[in-house]
Amino acid sequence: MSRYTSITDQDLEVMLGAIGAGSVDELFADIPESVRLDREIDLPPGMSEQEVYDHLAALAARNRHADSELTFLGAGMYDHYVPALIDNLLSRSEFLTPYTPYQPEISQGGLQVMFEFQTAISELTGLPVSNASVYEGPSAVAAAGYLAKLETRRSKLVASRGLHPHSRAALRTHAVGYGMEVEEVPLTGEAATDVEALAAAVDEDTAAVFFQQPNFLGTVEEIGELAEAGRRTGALVVCAADPLALGILKPPGEQGVDICVGEGQTLGNRLDFGGPSFGFFAAAERFLRKMPGRIAGETRDVDGRRGFVLTLQTREQHIRREKATHNICTAQALNALAGVVYLSWLGKRGIVELAELMLRRTHHAREALGLEAINPGPVVREFAVRVPDLDGLFERARAERVNPGYRLGRDYPEYEDGLLVAITERRTREDIERLARLVGARAGVTA
Amino acid sequence: MSRYTSITDQDLEVMLGAIGAGSVDELFADIPESVRLDREIDLPPGMSEQEVYDHLAALAARNRHADSELTFLGAGMYDHYVPALIDNLLSRSEFLTPYTPYQPEISQGGLQVMFEFQTAISELTGLPVSNASVYEGPSAVAAAGYLAKLETRRSKLVASRGLHPHSRAALRTHAVGYGMEVEEVPLTGEAATDVEALAAAVDEDTAAVFFQQPNFLGTVEEIGELAEAGRRTGALVVCAADPLALGILKPPGEQGVDICVGEGQTLGNRLDFGGPSFGFFAAAERFLRKMPGRIAGETRDVDGRRGFVLTLQTREQHIRREKATHNICTAQALNALAGVVYLSWLGKRGIVELAELMLRRTHHAREALGLEAINPGPVVREFAVRVPDLDGLFERARAERVNPGYRLGRDYPEYEDGLLVAITERRTREDIERLARLVGARAGVTA
Amino acid sequence: MTELDPRANEEAVTIFERSRAGRRAFVPPPTDVPEVPISELLPASQLRERPAELPEISEPELVRHYVTLSSKNFHLDEGFYPLGSCTMKHNPKLHERVAALPGHARLHPLQDPEYAQGALELMWSLQGALAEIAGLPHVSLQPSAGSHGELAGLLLTRAYHEERGERKTKVLTPDTAHGTNPATVTMAGYEVVKVGTAPDGGVDLDDLRAKATEDVACLMLTNPNTLGLFDRNIEEIARVVHDAGATLYYDGANLNAIMGIARPGDMGFDIVHYNLHKTFTQPHGGGGPGAGPIAVSDRIEPFLPTPQVLRRGGDNGAGRFVLDHDRPKSIGKLRGFQGNFGVFVRSYAYIRSLGADGLKDASQVAVLNANYLKARLAEPGIAEYLPIAFDRTCMHEFVLSGSGAKEKLGVRTLDIAKRMLDYRVHPPTVYFPLLVDEAMMIEPTETEPRERLDDFADIVRAILEEAAEDPEIVRDAPYTTPVRRLDEAGAAKRPVVRWRPPAAPEPAANDGQ
Amino acid sequence: MTELDPRANEEAVTIFERSRAGRRAFVPPPTDVPEVPISELLPASQLRERPAELPEISEPELVRHYVTLSSKNFHLDEGFYPLGSCTMKHNPKLHERVAALPGHARLHPLQDPEYAQGALELMWSLQGALAEIAGLPHVSLQPSAGSHGELAGLLLTRAYHEERGERKTKVLTPDTAHGTNPATVTMAGYEVVKVGTAPDGGVDLDDLRAKATEDVACLMLTNPNTLGLFDRNIEEIARVVHDAGATLYYDGANLNAIMGIARPGDMGFDIVHYNLHKTFTQPHGGGGPGAGPIAVSDRIEPFLPTPQVLRRGGDNGAGRFVLDHDRPKSIGKLRGFQGNFGVFVRSYAYIRSLGADGLKDASQVAVLNANYLKARLAEPGIAEYLPIAFDRTCMHEFVLSGSGAKEKLGVRTLDIAKRMLDYRVHPPTVYFPLLVDEAMMIEPTETEPRERLDDFADIVRAILEEAAEDPEIVRDAPYTTPVRRLDEAGAAKRPVVRWRPPAAPEPAANDGQ
Ligand SMILES: Cc1ncc(COP(=O)(O)O)c(C=O)c1O
Ligand SMILES: Cc1ncc(COP(=O)(O)O)c(C=O)c1O
């Protein structure tokens, strides 16, 4: 018997008796011999808890992580400090182990959390309705594309190259299923979305335009102008945003954006080598009944007590089936919980203080490195520079357990020598100077 | 305002108003100027959570711990695997944050845990009554001395040198308060307690005799003989024991022992540089009303439902005051919880399997090292050997991040070249061979 | 005791209503760089004018708020949770410990693979284990959940057919299919065609043959199906589907019934998704996270998403692990990065803990538990009211019909489910699958001891007796839950989906509590 | 709703009663050494004949058992916990995180100090901070709790007097003293002499002068005292005690009132203990662990326990930290190793989080909260029934008397406390201190927001109104708790202190549940 099952020989006897079967094998009689596996599956034998722990600890030890190196990697996921109370709350069985709250009477905890999450996202995005989470950032962008299709029945999606490469990729992948095409809009010399190009790309058949705030290179976009250009022909305006940066940036909802989506990792979620985190999806009131995923709503019980339920479920696959607004079922409830707890921890003033610290350090870092900036304009949490000897820098840095950031070359041939540097509240001025010294080292050499 | 307080300026105004005070300082008017502190206390300013975390992580990183070296250190605390479910349960606010269960109606969780703990300790020790925990091992030994004083009114305590040096030290320290003397009994050539010497040391004024199973050097003592020798003049027989080893060793309670105490760290508690862990205290029925500390008892509520309460409180300081059987108040409830969860996790068969693995590996290790054994007889989890070049071994081992064990010299001049090696389920045969190679290295040289 | 419970009618309070101006749980690290005015760093056009109305609250009250909320959830560590089709098996605490190791939790997804070999080896090993379990050679871990895996499966099917120059417009799904199946079909740009169910609960072969036309791209099937029955005709089904040039897709939600016993790949399935949060015990988290890896046959492999984790060089573990982005025929990316790695860690730990026989044992006990509970619920006093929908040996779950209770007792499946809440067990999945009247879909899982199953049978019996005595008792249930039946219709008619301050703009300061 | 709550009368079940032969949560690692028969390794005389009757249970059910048990506890993260004298302040979650760092949690106590410099520096820094807070130069962290610190204090006093060749036999304690004080006196071999309390709640000076004779070794005092009052005559008290050649001992349980405002050392105390689990927020854990470090003046220092943590060399942080065992005059060891290090980590994190002003702020708010709640409870409708015992500005706590309620309403303090349970707040400490009739000792602590204090005042008022209407309601309370009032007398008369199998020796296999 495994440590997770409880059937003793005595139990087995009683149970087979009640079933009226002679053996457990009999229970599988419906499976044709021809498709039965006539051997053991080829996997190593089971291990004790201690051995499994040791094995996984050994694997983990072979990864260089944000505690074992000084990292300036960002490009979509960022090394923010996650307060201890989040670990504690997420480890509670009451939050960790239940399924989607199909029985609201015994799920008020999870449902109220969703309602609070929706409120916080609505506050940040400036849009009145939010769902309770989608998978993560890039697929949230793709989900916005599907809503645009259902809403407009048009077949073209226009995306800024400032949109995260993974978001553009996910959008293209999904668009094939939607029967839509994706057209990309270039960036200006200062790495902001080219408004004219965007305006030019939008036509009568355009279902939606997509851009990101701040964009993939950290540039603060002029959302208002982009939205106006995108809206011209009745296309929906979709903005992907960093929710933490929205603590000090003007909400997309106040600038003509119809749908704001994004990656929630920056809100109290771990790096986890890329997931699980959560995606958020907020929109204007008129899209309420076209939203993807779970939405919690407030109501009353038979005794008149305030309560919360999953609402507008007629949008969803389990009711609407082929007519559903999206196929999503399991989403990211636990990660969204971390998100709303994190936002409540930061609070009204804290999110501003944190974002301003990030903002100032980012600008300070860009100067400190003394390299040619790819985006010399306003940046929030990240910036791109050209590095004469990128390989050399990485070699020197790696030797000192420093990770200089993300190399833009693979996604942006136009920035072959580009380095994307991310700054958070965990990267101190000292850390920044350390990177600057590594960058300067060569300057030293060549001087 | 700190992150742990909630009094806003608005609150302050309202509250001072209700109190009828003009300022918070006024509330301290009773403190004479002359004893008021006329300056700020000299401590660094407060820090954000992130900074405190970074500071403590930096301190922790300067310690070599059981994950960052291969350690054979034992000598009272041992590197056993603590199952993940214990961390999870102990982190639950319901167990972590309440006070001693003075209100049983809202403390049934904690009280039932105590009752289950007492049952498990009783099973292991073979003694019918156990309390709900005392501080830790050595002070538990001292507590047994106090019971012996209350019971016999005699003034002499006889302790085997096989008793942990810290237990003997704590006994001496407390005995001064009890107005008692402590006499030590030597060990035989095979590092077991010398029964004759013990018998000789016991006289009409002896309140209790103390020995340990297994003793400090890992030797399995002949408890029955020791108890018999100790009992002759009516002294109480006190055995300190490793509860995990009791999984396969004959219970002290079945061999004439009156009181069995011990250190509980081996039962699901962390090393924690020495604490907190817990001590246990079990005794024969007739001592029930002389036990120290909390005891949970089973009873019924007004509706006839089964419930648990703190019982026999008339023994305790808060009721009995100067006539109390001990002064202990706050004990180690959370650590005792870890203990009973660990024992339930091991279970009836598991504790035997684990102890037998430990036993076999220990004997294997003693042979593998190929050194002169100080205790060549039966040992359970630890053994002592003479090492020709102890300093050299430590030097070689330290360089390879191996910790060979505990040097007996400081506590036992007679074993100046003695090394105490501890083996647990975490020290594999491979680990043992690694230590053997380090030991052999010199042999190689001198060969 | 309501009249003696002073807190009986206490109202729920949101974190926003607890807010008081000036309180804080967060203290920022000091600003160690020049305090340049924000207006010099950000364009006025993009500066937020008023701060987002996030709560202002101290840490102690923040913790209390969410701890108190949590206690209003029923959960798996509290009791029996036989939610059909969701495989609510125990979530080992070890998994949370290993997932939290800094080498996993603090690893950046864009770390140079050279410095993430441990993580890539883990993914590679998990791919191998999943492939062996499903009997299909190639695995992508990328999809975020089962439905995401389904979408991947249909996009792969489309790519496969397009490369062969075949134009297909329809996808077949049984009328017992889970809602995500048809929803996925539409999202993938296909038209849904329903296939009927035969009297024995399996696919109606004649209907299938009739509908398996040239223009069909795929048949999506779960086997055992959502009735908990293994389709004996699976080989014939595969033949029909393949003859039509369509792919056979395996919805892996029910894989927990057959691990180590039979493999979708051996049954003729081309594409499989796994629900790691079901079969491989990722905690459900109140609705995620999960992961929906897919396994495919050789002919589908070229189209798998990017990146793929591969091992280059020495087969004796000496090899290096790489992320392969260079896949010209790939459908591309379904999401960011490499998928829900934290979920992979847990499922990998699970597979290594159980090993080959442990996994088989899990499936055997899952099926044993289901059949035992089915037998207990077939006893007189229950069977008359809750007849089994298809009376066959079931696999890991089975479906009862509340039709009898509705007619004879005047209580519906919903009522019985609500009354179960008072007995502190989670009700089964109800009103699914759709073709069973008043359906009750029960999946006990292998981690339940016999006592829990007996206890549940006793509860069902007790509820039916209550109903026989006075149906009101059951119809008005629950009574003991934090709230009682909620007005869901009203919630949908006048949706309130976020909290709003009664008196903007400074609500938090004055109202609430 | 009891009649409609099918689980209302559910019986508690112990883990032993859940046991079933053959089940297991633990799987041992493989035996990798020769399987020598146990009988060859252990003497028959010491071989256990039958295994200990520990539970046999799988991990899922083990987790459920203890999670379910936990939910029967009221706790600090649930609500208001004004337990007088216990300082139930918020326990920051950060502290659990830093205490769990492997460098702390996995550090062996006998690690060579050279390889434990981080831990020793932490202890050294904590010693320094505590010394500064108490105004006494030397600290030992060793004692395991307050009472252990008290014992240390008296053993130090004895050693001090003995070295001076002085023979002392008595120790003075106020009649308001906590039970551990007199209990400690006896354990330390002294005779207790009670000192009276003056009308203003302070020590009766005349009584003190009369009893402070030559043979008095020490006066144990807490200031503010257990009435929550600061003794204005503290300097005179110190003078009298010192003139008698006795030491003045500070019971630090109430230190939370005066951090950064006044210091025991400056008041003339020679020895102080701290309750790190009170003032410095180690979670109480349902009755421990805690820690009771002590601080002493120069003349007591030579006698401090071994080992002491010292810094050798460079004062610029360059120094090395050592464990000093070589202390010829030391009283020796009070326990094993270096004390409850895990507690030190939490309290050190707390002190560094708050810093100098944070600690002072904590004390100020603690006193503000107490006086505000005292004011709210002095309102008409409450004060008549629960008069304040000593009507003065209080410090961090205050004591009410239930005398009024007993006479006018026929409900005792115990009844009011029990009724509070139905309101989901923890009652105050009751029937202590002893000299107050029907005492109710209330300590809100600084981490409570004003709403919680107002809520408590409203609850007290509501309960008194219920009592006025029908005292039975209060006398029969509680009604909503997992169990109601328990038969404590019966429990003590026929003690059942462990579970026993109904039918030994194989109970677990057959009975229970
Ligand atoms: C049969 C079946 N298919 C698909 C799904 C969808 O899986 P997921 O929730 O992971 O998207 C489910 C989940 O409930 C299911 O039961
Ligand atoms: C005034 C007073 N002194 C001493 C103690 C004993 O402290 P501890 O429980 O840490 O032994 C307490 C604890 O309740 C107390 O309130």
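Proteins get letters first, then strands, A, B, ... in listed order; numbering begins at 1 in each. None of these values were measured; they are calculated from a predicted model.
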Q | Per-residue contact mode, C:His178 against chain A (heavy atom under 4.5 angstrom) | A | both

Q. Hey, which of C:Glu488, C:His426, C:Lys72, C:Lys333 has the most heavy atom pairs under 4.5 Å with chain A?
A. C:Lys333

Q. For A:Ala57, which residues count as a side chain to side chain contact (heavy atoms under 4.5 Å, CB included) partner, sequence neighbours excluded?
A. A:Tyr53, C:Leu101

Q. For A:Gln313, is it the side chain, the backbone, both or neither that has a heavy atom under 4.5 Å from a heavy atom of chain C?
A. side chain

Q. Does a salt bridge link C:Glu121 with A:Arg62, judged by any charged N lying under 4.0 Å from a carboxylate O?
A. yes

**Q.** Carboxylate-amine/guanidinium proximity below 4.0 Å for A:Asp11 and C:Arg450
**A.** yes

Q: Give, as side chain, backbone, both or neither, the part of A:Asn403 having an atom under 4.5 angstrom from any heavy atom of chain C.
A: side chain

Q: Mind running salt bridge (Lys or Arg N to Asp or Glu O under 4.0 Å) on A:Glu123 and C:Arg498 for me, showing each step along the way?
A: CA-CA 9 Å; A:Glu123 277 293 323; C:Arg498 63 152 290 179; 2.8 Å; yes

Q: Go through the structure and list residues passing salt bridge (Lys or Arg N to Asp or Glu O under 4.0 Å) with C:Asp77, not counting sequence neighbours.
A: C:Lys93

(Q) Please classify the contact of A:Arg36 with chain C as side chain, backbone, both or neither, using a heavy-atom distance under 4.5 Å. (A) both

Q) Side chain, backbone, both or neither: which part of C:Val185 has an atom under 4.5 Å from a heavy atom of chain A? A) neither

Q. Can A:Asp79 and C:Arg106 be counted as an ion pair, charged N to O under 4.0 angstrom?
A. yes

Q | Choice from A:Thr311, A:Ile351, A:Val129 maximising heavy atom contacts with chain C below 4.5 Å | A | A:Thr311

Q. If you count heavy-atom pairs under 4.5 Å between each of C:Ala129, C:Ala291, C:Gly332, C:Ser144 and chain A, which one has the most?
A. C:Ser144

Q. Between C:Lys360 and A:Glu40, is the closest basic N to carboxylate O distance under 4.0 Å?
A. yes

(Q) With a 4.5 angstrom heavy-atom cut-off, is it the side chain or the backbone of A:Tyr146 that approaches chain C, or both, or neither? (A) side chain

(Q) Report which part of A:Pro104 has an atom under 4.5 Å of a heavy atom belonging to chain C: side chain, backbone, both, or neither. (A) both

Q | Engaged part of C:Ala100 at the chain A interface, taking heavy atoms whose separation is under 4.5 Å | A | both

Q) When you measure from the side chain of A:Lys348 to the backbone N and O of A:Val352, does any donor-acceptor pair fall under 3.5 Å? A) no

Q.
Regarding A:Arg305 and C:Glu11, does a basic nitrogen lie under 4.0 Å from an acidic carboxylate oxygen?
A. no

Q) By a 4.5 Å heavy-atom criterion (distance strictly below it), what part of A:Val24 contacts chain C: side chain, backbone, both, or neither? A) side chain

Q) Between A:Leu288 and chain C, which part of the residue has a heavy atom less than 4.5 Å away: side chain, backbone, both or neither? A) side chain

Q. Under a 4.5 Å heavy-atom cut-off, does chain A meet the side chain of C:Leu229, its backbone, both or neither?
A. neither

**Q.** chain A contact via C:Leu83 - which portion, at a heavy-atom distance below 4.5 Å
**A.** side chain

Q. Relative to each other, are the rings of C:His90 and A:Tyr4 parallel, tilted or perpendicular (30° and 60° limits)?
A. tilted

Q. In terms of heavy-atom proximity below 4.5 Å to chain C, should A:Val302 be classed as side chain, backbone, both, or neither?
A. both

Q) Are C:Phe230 and A:Phe28 close enough, and set up right, to give a ring-ring contact (aromatic ring centres under 6.0 Å, His included), and what steps lead you there? A) CA-CA 9 Å; C:Phe230 191 91; A:Phe28 293 89; 9.1 Å; no

Q. Chain A heavy atoms under 4.5 Å from C:Glu448: which part of the residue, side chain, backbone, both or neither?
A. backbone

Q: Measure distances from C:Pro102 to the heavy atoms of chain A and classify the residue's part below 4.5 Å as side chain, backbone, both or neither.
A: both

Q: For the pair C:His104 (side chain) and C:Gly342 (backbone), establish whether a donor and an acceptor sit closer than 3.5 Å, ignoring hydrogens and angles.
A: no

Q | CA sep, side-chain torsions, deciding dist, call: C:Ser353, A:Val52, side chain to side chain contact (heavy atoms under 4.5 Å, CB included) | A | CA-CA 6 Å; C:Ser353 292; A:Val52 174; 3.4 Å; yes

Q | Check ion pair C:Glu132-C:Arg263 (N to O, under 4.0 angstrom) | A | yes

**Q.** A:Ala324, part contacting chain C, at a heavy-atom distance under 4.5 Å
**A.** side chain

Q | Residue C:Leu154 versus chain A: region with a heavy atom under 4.5 Å | A | neither

(Q) At a 4.5 Å cut-off on heavy atoms, which part of A:His55 comes close to chain C: side chain, backbone, both, or neither? (A) side chain

Q. C:Asn275 versus chain A, heavy atoms under 4.5 Å apart: side chain, backbone, both or neither?
A. neither

Q) Relative to chain A, which segment of C:Pro482 carries a heavy atom at a distance below 4.5 Å: side chain, backbone, both, or neither? A) both

**Q.** Under 4.5 Å from any heavy atom of chain A - which part of C:Lys418
**A.** side chain

Q) In terms of heavy-atom proximity below 4.5 Å to chain A, should C:Ile261 be classed as side chain, backbone, both, or neither? A) both

Q | Least distance between heavy atoms, A:His166 atom then A:Pro138 atom | A | O-CB, 3.6 Å

Q | Structural part of A:Asp303 lying under 4.5 Å from a heavy atom of chain C | A | side chain

Q | C:Arg392/A:Asp30 salt bridge by N-O under 4.0 Å criterion | A | yes

Q. Tell me, side chain or backbone of A:Leu73 under 4.5 Å from chain C's heavy atoms, or both, or neither?
A. both

(Q) Given heavy-atom pairs under 4.5 angstrom as the criterion, report whether the side chain, backbone, both or neither of C:Val497 touches chain A. (A) both

Q: Against chain C, label A:Gln108 side chain, backbone, both or neither, depending on which of its atoms sit under 4.5 Å from a heavy atom there.
A: both

Q.
Angle between ring planes, C:Phe337 versus C:His108, binned at 30° and 60°: parallel, tilted or perpendicular?
A. perpendicular

Q) Which of the residues C:Glu150, C:Met259, C:His325, C:Glu78 is involved in the greatest number of heavy-atom pairs with chain A at under 4.5 angstrom? A) C:His325

(Q) Under 4.5 Å from any heavy atom of chain C, what part of A:Thr71 do you find: side chain, backbone, both or neither? (A) neither

Q. Between A:Lys250 and C:Glu49, is the closest basic N to carboxylate O distance under 4.0 Å?
A. yes

Q.
Heavy-atom pairs under 4.5 Å with chain A - which of C:Gln111, C:Met187, C:Glu96, C:Met88 has more of them than the others?
A. C:Met187

Q) Checking heavy atoms, do the side chain of C:Ile38, its backbone, both or neither come under 4.5 Å from chain A? A) both

